[in-house]
Amino acid sequence: MRNFWIYTLARLGIIVGVGLILQPFLGLNLVMAMAAIIIGAVLSYIFLGGMRAKVANDIENSVAKRAANTKRKSVDEDTEDRIVGDEN
């Protein structure tokens, strides 16, 4: 989870940095914001590949851990499954 927040803050920092660079040329408006987001996304794709891979790996491990922890049936659920199975 820590890698996710570091990556998110790095991407946000790149977008804000690009926005600060573009602001004197385009002014503070929607065009500047959209340009900063697009340019920031391209730059983060280029320069933050290693961080993105770490975050993807963390997410993959988290999903695998959840899948391994299957929910155990309670006595009531087990009994109900047997009753329904006997009716068919």
Side-chain angles (χ1 to χ4, degrees):
M1 192 68 173
R2 181 174 186 263
N3 288 332
F4 170 79
W5 288 112
I6 292 172
Y7 175 68
T8 301
L9 289 175
R11 287 190 69 186
L12 184 62
I14 289 174
I15 292 170
V16 169
V18 170
L20 289 174
I21 293 171
L22 292 178
Q23 195 268 335
F25 303 105
L26 299 176
L28 188 60
N29 57 25
L30 184 61
V31 173
M32 186 277 301
M34 293 301 294
I37 290 170
I38 292 169
I39 294 169
V42 170
L43 290 175
S44 67
Y45 180 78
I46 293 170
F47 294 113
L48 301 179
M51 292 175 83
R52 186 175 52 254
K54 286 181 185 177
V55 170
N57 191 26
D58 288 349
I59 292 171
E60 185 178 338
N61 291 339
S62 176
V63 169
K65 189 186 303 182
R66 282 189 197 155
N69 292 337
T70 57
K71 182 182 172 189
R72 295 183 182 177
K73 291 185 178 181
S74 68
V75 175
D76 291 338
E77 290 175 317
D78 195 32
T79 304
E80 181 180 335
D81 287 345
R82 276 186 276 141
I83 292 171
V84 171
D86 290 342
E87 291 176 358
N88 292 331

Would a hydrophobic clustering, with Ile, Leu, Val, Met, Phe, Trp and Tyr connected at side-chain separations under 4.5 Å, put [X] with [Y]?
| X | Y | answer |
| --- | --- | --- |
| Leu30 | Val16 | no |
| Leu22 | Leu28 | yes |
| Ile6 | Val55 | yes |
| Ile14 | Met34 | no |
| Phe47 | Val42 | yes |

Worksheet item: Side chain of Thr8, backbone of Phe4: donor and acceptor closer than 3.5 Å?
Response: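 Yes; at least one donor-acceptor contact below 3.5 Å.
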
Nearest atoms (heavy-atom pairs only) where [X] meets [Y]:
| X | Y | value |
| --- | --- | --- |
| Leu26 | Ala35 | CD1-CB, 4.4 Å |
| Ala36 | Ile15 | CB-O, 3.9 Å |
| Gly19 | Met32 | O-SD, 3.5 Å |
| Tyr7 | Arg52 | OH-CD, 3.7 Å |

Practice prompt. Working to the nearest 0.5 Å, report the span between NZ of Lys54 and CD1 of Ile59.
Written response: 14.5 Å

Item to complete: Using a 4.5 Å cut-off on heavy atoms from C-beta on, say whether the side chain of Ile39 contacts that of Ile21.
Response: no

Practice prompt. Please examine the side chains of Asn57 and Asn3, heavy atoms only from C-beta on, and report whether any two atoms are closer than 4.5 Å.
Written response: no

